[in-house]
A.B. asks: 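This is the structure I have questions about; it appears just below.
Throughout, protein chains are lettered first and strands after them, A, B, ... in sequence-line order, and every chain is numbered starting at 1.
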2 protein chains.
Amino acid sequence: MNQLNVCLSPALIPLYNVEDHIVVIIDIFRATSSICYGIENGAEAIIPVSLVEECAAYREKGLDYLLAAERDGKVVEGFDFGNSPFSYTKEKVAGKTVVLTTTNGTHALHLSRAAKKIVIGSFLNLTSMCDWLKLQNDNILLVCAGWKNNFNLEDTLFAGAVVEQLKTGDFKPDDAAIAANDLYQLGKHDLNEYLKKTSHSERLKKLGIEKDIEFCLQVDLITAIPVLDGEMLVKLQ
Amino acid sequence: MNQLNVCLSPALIPLYNVEDHIVVIIDIFRATSSICYGIENGAEAIIPVSLVEECAAYREKGLDYLLAAERDGKVVEGFDFGNSPFSYTKEKVAGKTVVLTTTNGTHALHLSRAAKKIVIGSFLNLTSMCDWLKLQNDNILLVCAGWKNNFNLEDTLFAGAVVEQLKTGDFKPDDAAIAANDLYQLGKHDLNEYLKKTSHSERLKKLGIEKDIEFCLQVDLITAIPVLDGEMLVKLQ
């Protein structure tokens, strides 16, 4: 029987043998949602980086990169756009390579590097990704990117949504997978309402990204699955 | 407003400023349950250690220590008893100092060492401990000892039970505290039934400690609160 494990914080990744797993990276607000939407909309590739400075360095490479960087919810001066999924439309990203600054997401990706395969999950591509995972007949590790290594509720809720779709299959869930799925049972009828009680919903409100949040909580808007290929996320074929 | 934080694994303790918190150590099956019961029953002190060898070393000290060590659910030869709460009765421990081998619990204790105060929690002393915590007007960090740094459901469920009693007070819960409390809502009507789905309930069954499990899930059997004093856990006065 294959394992279905949920890693509640990147700080716990070393507890797992990632080399025996397909890893799903989860950073619902907003990195992995924007990545899924951008790949769906024809971005040739998305390159995740940790720091604004790393992102800026791509400008020097002279190629036709789109650079995405935010600080405190605002696009950093000199950059093309920020992390809002609304920036990742066909008009903006089709045929382009986007360099996306995401501290938590990149951290989770780097620590999972030894995995058999790394894909990117969000509510936007939930069922499509679960259908693909079911076909792999392999161990699965759902990695919640969290917030500065802390547990967060939205990434865990999404992990629970994946467990919900996979649990009828031939998987053995660990305790974190069981807990995530139970939390999803409580929140699934109204994800947005459930997440209003999180510790950082006020921070998100202050950033003025409530529309982004609503967008990121749409289930099955798209079908593309981003997969890591070297340093780049591309569309899984 | 004081913080009410839940640390879901000892590996996450470094994320918190433990020196600004009162820490509650939680290892429901069975270390902290046995410690609470032993202190209630008049043990003068309980000394938690990580390894069977450290426990054995107390024999050399020539004093009247009771030594508790288990491997695979059985008392190690030459030791007085194991980790079953049924060994921590008045008849056995009153007036004695017990050296208790607990890998996960000791690990959590050591990483929390800088805390303002460290107390020991279990369902057995739940309300008594919560009443005391309410009076402290301080930040609280509930540390789940887990299993080899992994998240586990029973310690998280207990953290959720503490949040339940404190949440009407002047506390700001973090996301992990909110999640733990939600899980407790699902499990509180029948803790034992809820925990049957955990990944290691089969392991516990194989160890033949189902009666211990039932014992550890009794709510408010006692009122004693063990507190760390140097290397020893003693009764909070």
A.B. asks: With a 6.0 Å cut-off on ring centres, are A:F81 and A:Y88 close enough?
C.D. replies: yes

A.B. asks: Quick check on A:P14 against chain B: is it the side chain, the backbone, both or neither that has a heavy atom closer than 4.5 Å?
C.D. replies: neither

A.B. asks: Within a strict 4.5 Å, meaning less than it, do heavy atoms of the A:N125 and A:D220 side chains meet?
C.D. replies: no

A.B. asks: Is A:L153 in contact with chain B via its backbone, its side chain, both, or neither, using a 4.5 Å heavy-atom distance?
C.D. replies: both

A.B. asks: Which salt bridge (Lys or Arg N to Asp or Glu O under 4.0 Å) pairs, counting each pair once, include a residue from residues 16-30 of chain A, with sequence neighbours left out?
C.D. replies: A:R30-A:E70, A:R30-A:D212

A.B. asks: Name, in order of residue number, those residues of residues 128-148 of chain A that have a heavy atom at a distance of less than 4.5 Å from a heavy atom in chain B; otherwise write 'none'.
C.D. replies: A:K148

A.B. asks: Heavy-atom cut-off 4.5 Å, strictly under: side chain, backbone, both or neither for A:T198 against chain B?
C.D. replies: both

A.B. asks: Tell me which of these, B:N149, B:D174, B:T156, has more heavy-atom pairs under 4.5 Å with chain A than the rest.
C.D. replies: B:N149

A.B. asks: For B:L221 and B:F123, run side-chain contact (heavy atoms from CB on, under 4.5 Å): C-alpha distance rounded to whole Å, both residues' side-chain angles, the deciding distance at 0.1 Å, then the answer.
C.D. replies: CA-CA 8 Å; B:L221 186 72; B:F123 285 106; over 6 Å; no

A.B. asks: Of the listed residues (B:C7, B:A180, B:A11, B:A179), which shares the most heavy-atom pairs with chain A below a 4.5 Å separation?
C.D. replies: B:A179

A.B. asks: Suppose we call two aromatic rings close when their centres sit under 6.0 Å apart. Are A:Y37 and A:F86 close by that rule?
C.D. replies: no

A.B. asks: If you measure from the Lys or Arg side-chain nitrogens to the Asp or Glu carboxylate oxygens, is any gap between A:K211 and A:E214 under 4.0 Å?
C.D. replies: no

